[in-house]
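Have a look at the structure below before the remarks.
Keep in mind the model is a prediction, meaning the values are calculated, not measured.
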Amino acid sequence: MMMRKRSRRLIPAVQLAALLIWAVTLSSEAIAAADSKTFHFNVSPNGYPPYLIVNESQPSGIMWDVVSLIGERLGYKVVPEKVPRKRVDEMLLEGFIDGTPRAIEWTTEPERFLFTDAVVPIEEVFFIPAESDLTFRSPEDLFSKTVVTHLGYQYPLLQEHFDAGTIQRFDVSRDRDMFTFVLHGERFDAAIADRLVGQWILRREGLQDRFRSTREGISKVGFRLMLRKDWQDFAEAFNAELKDIRENGELEAILANYR
């Protein structure tokens with residue numbers, strides 16, 4: 001009889017212990033979920049070397065390296081997503097991705113989005129054969145010249161001169177081919193390309209000594225992160241870390257890897 005009473009008294013204690021274990025487990029899972037933050041970052045299907053390089057097992061490139069570095073310091077796991085250009089804006093607004101690299105000037109209705117400080121400038125300059133004495137300070141320096149340009153790209157500073165025929169343009173579809181035409185075509189005087197893109201191509205092709213780039217360019221915009229407007233706290237933290245890595249030399253070290 002006494003044994004039965006003891007066992008009855010033990011049952012509530014066992015149940016209480018089980019409840020405590022269950023509560024602790026739930027609490028631990030909740031804390032882990034709160035600490036696990038993910039940033040879905042668009043790298044696009046084809047990338048944009050050297051800013052985004054996606055033809056390897058792991059993405060790389062200037063923007064990927066910067067976002068990964070800062071994301072880790074802010075406690076985020078950065079996950080690459082390959083979103084076609086025409087779908088990026090809506091997929092960002094709908095929450096399928098959290099951020100994408102973008103210049104404000106390239107964005108339709110930029111007021112719908114939040115932008116961080118510029119990570120790096122996109123600067124269109126002229127790449128000229130090393131042995132040429134051509135210089136560029138104003139469009140007049142290119143009169144009677146032929147420049148190799150990217151098919152489909154607009155160059156507002158030069159457009160009136162293209163239309164008038166005082167400067168000739170020759171379109172090619174791939175950035176790498178622009179340099180080939182200038183090197184091997186007698187009638188081509190220079191190529192227009194983003195400074196870092198050009199340096200990346202020339203480095204990979206072993207042509208660094210065959211070209212020089214002009215100090216003056218024809219356009220310059222800031223390449224930054226485009227976010228949803230509810231990511232204000234992230235943007236402010238990102239900007240603070242970006243300032244730090246710019247001042248301590250980490251950003252310059254990343255850029256040096258791709259020049």
Side-chain angles (χ1 to χ4, degrees), residues 42-54 61-63 83-92 100-113 115-129 132 134-183 185 187-202 211-226 258:
N42 174 44
V43 297
S44 83
N46 299 313
Y48 180 25
Y51 301 102
L52 295 166
I53 301 168
V54 298
I62 293 168
M63 294 298 286
V83 180
R85 174 66 185 89
K86 291 182 179 180
R87 300 181 60 196
V88 170
D89 291 14
E90 293 310 314
M91 291 190 74
L92 177 58
T100 189
R102 184 74 65 81
I104 298 172
E105 294 82 357
W106 300 348
T107 306
T108 303
E109 298 181 281
E111 65 279 0
R112 295 191 299 167
F113 302 97
F115 293 86
T116 67
D117 293 342
V119 175
V120 66
I122 299 282
E123 184 181 13
E124 288 181 311
V125 298
F126 294 92
F127 285 84
I128 300 169
S132 171
L134 177 64
T135 60
F136 175 78
R137 293 184 181 84
S138 69
E140 287 74 17
D141 294 326
L142 298 172
F143 283 4
S144 302
K145 306 294 184 183
T146 299
V147 294
V148 180
T149 51
H150 199 294
L151 180 66
Y153 280 29
Q154 301 297 317
Y155 305 96
L157 184 66
L158 303 178
Q159 191 57 50
E160 65 176 294
H161 306 293
F162 290 149
D163 293 341
T166 50
I167 304 173
Q168 300 294 322
R169 68 178 287 176
F170 181 83
D171 288 341
V172 299
S173 58
R174 298 195 308 170
D175 287 313
R176 186 177 65 182
D177 293 341
M178 300 170 72
F179 299 94
T180 302
F181 274 97
V182 174
L183 271 185
R187 67 188 183 94
F188 304 119
D189 300 286
I192 304 175
D194 169 61
R195 190 183 299 279
L196 287 174
V197 170
Q199 290 173 344
W200 166 255
I201 293 171
L202 295 178
F211 285 89
R212 57 185 171 83
S213 59
T214 57
R215 178 173 296 184
E216 299 292 333
I218 58 174
S219 71
K220 187 175 182 179
V221 298
F223 208 30
R224 56 192 82 221
L225 291 191
M226 186 171 84
Y258 298 97

Exercise. Considering residues at least two apart in sequence or located in another chain, which fulfil the ring pair (Phe, Tyr, Trp, His ring centres under 6.0 Å) criterion with F211?
Worked result: F179
For this session: Answer yes if the ring centres of Y48 and W200 are under 6.0 angstrom apart, and no otherwise.
Result: no
For residues 188-195, dump all side-chain donor-acceptor pairs below 3.5 Å to protein atoms at least two apart in sequence or in another chain.
from: D189; atom 1: OD2; to: T146; atom 2: N; distance (Å): 2.9
from: D194; atom 1: OD1; to: Y51; atom 2: OH; distance (Å): 3.4
from: D194; atom 1: OD1; to: E123; atom 2: N; distance (Å): 2.8
from: D194; atom 1: OD2; to: Y51; atom 2: OH; distance (Å): 2.6
from: D194; atom 1: OD2; to: L196; atom 2: N; distance (Å): 3.3
from: D194; atom 1: OD2; to: V197; atom 2: N; distance (Å): 3.1
from: R195; atom 1: NE; to: E123; atom 2: OE1; distance (Å): 3.1
from: R195; atom 1: NH1; to: S213; atom 2: OG; distance (Å): 3.1
from: R195; atom 1: NH1; to: T214; atom 2: O; distance (Å): 3.2
from: R195; atom 1: NH2; to: E123; atom 2: OE2; distance (Å): 3.3
from: R195; atom 1: NH2; to: T214; atom 2: O; distance (Å): 3.0
from: R195; atom 1: NH2; to: R215; atom 2: O; distance (Å): 3.3

Problem set entry | Nearest-0.5 Å distance that lies between atom CG in D141 and atom OG1 in T135 |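 Atom-to-atom, D141:CG and T135:OG1 are 5.0 Å apart.
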For this session: Give, for atom CD1 of I167 and atom CD of E140, the distance between the pair rounded to the nearest 0.5 Å.
Result: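 These two atoms lie 8.0 Å from each other.
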Using a 4.5 Å cut-off on heavy atoms from C-beta on, say whether the side chain of [Y] contacts that of [X].
X	Y	value
M178	I201	no
D89	F113	yes
L157	S219	no
E124	Y153	yes
Y155	V147	no
T149	F170	no
L202	Q199	no

Grab the two heavy atoms, one from [X] and one from [Y], that are nearest each other, plus how far apart they are.
X	Y	value
P121	K220	CB-CE, 3.7 Å
R212	S132	NH2-O, 2.7 Å
G47	S44	N-OG, 3.0 Å
M63	P101	CE-CB, 3.9 Å
T100	N42	OG1-ND2, 2.9 Å
P45	V83	CD-O, 3.3 Å

For this session: Say whether, by atom type as modelled, one donor and one acceptor occur between the side chain of T107 and the main chain of A103 under 3.5 angstrom.
Result: yes
Problem set entry | With sequence neighbours excluded, residues passing salt bridge (charged side-chain N to carboxylate O under 4.0 Å, His left out) with E109 |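 Per chain and number, E109 pairs via salt bridge (charged side-chain N to carboxylate O under 4.0 Å, His left out) with R112.
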For this session: Please list, chain by chain and in numerical order, all residues satisfying salt bridge (charged side-chain N to carboxylate O under 4.0 Å, His left out) with D171, sequence neighbours excluded.
Result: R169
For this session: With sequence neighbours left out, write down each residue that passes side-chain hydrogen bond (donor to acceptor under 3.5 Å, both in side chains) with Q159, or none if nothing qualifies.
Result: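 Checked Q159 against side-chain hydrogen bond (donor to acceptor under 3.5 Å, both in side chains); matches are D163.
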Problem set entry | side-chain hydrogen bond (donor to acceptor under 3.5 Å, both in side chains) involving R187 - partner list, sequence neighbours excluded | none
Exercise. Going through the distances and angles, do L225 and F115 end up as a side chain to side chain contact (heavy atoms under 4.5 Å, CB included)?
Worked result: CA-CA 6 Å; L225 291 191; F115 293 86; over 6 Å; no
Problem set entry | Evaluation steps, side chain to side chain contact (heavy atoms under 4.5 Å, CB included), between F223 and I62 | CA-CA 11 Å; F223 208 30; I62 293 168; over 6 Å; no
Problem set entry | side chain to side chain contact (heavy atoms under 4.5 Å, CB included) evaluation trace for L92 with M226 | CA-CA 9 Å; L92 177 58; M226 186 171 84; 3.8 Å; yes
For this session: Go through the steps to decide whether I218 and F136 satisfy the test side chain to side chain contact (heavy atoms under 4.5 Å, CB included), and finish with yes or no.
Result: CA-CA 10 Å; I218 58 174; F136 175 78; 3.8 Å; yes
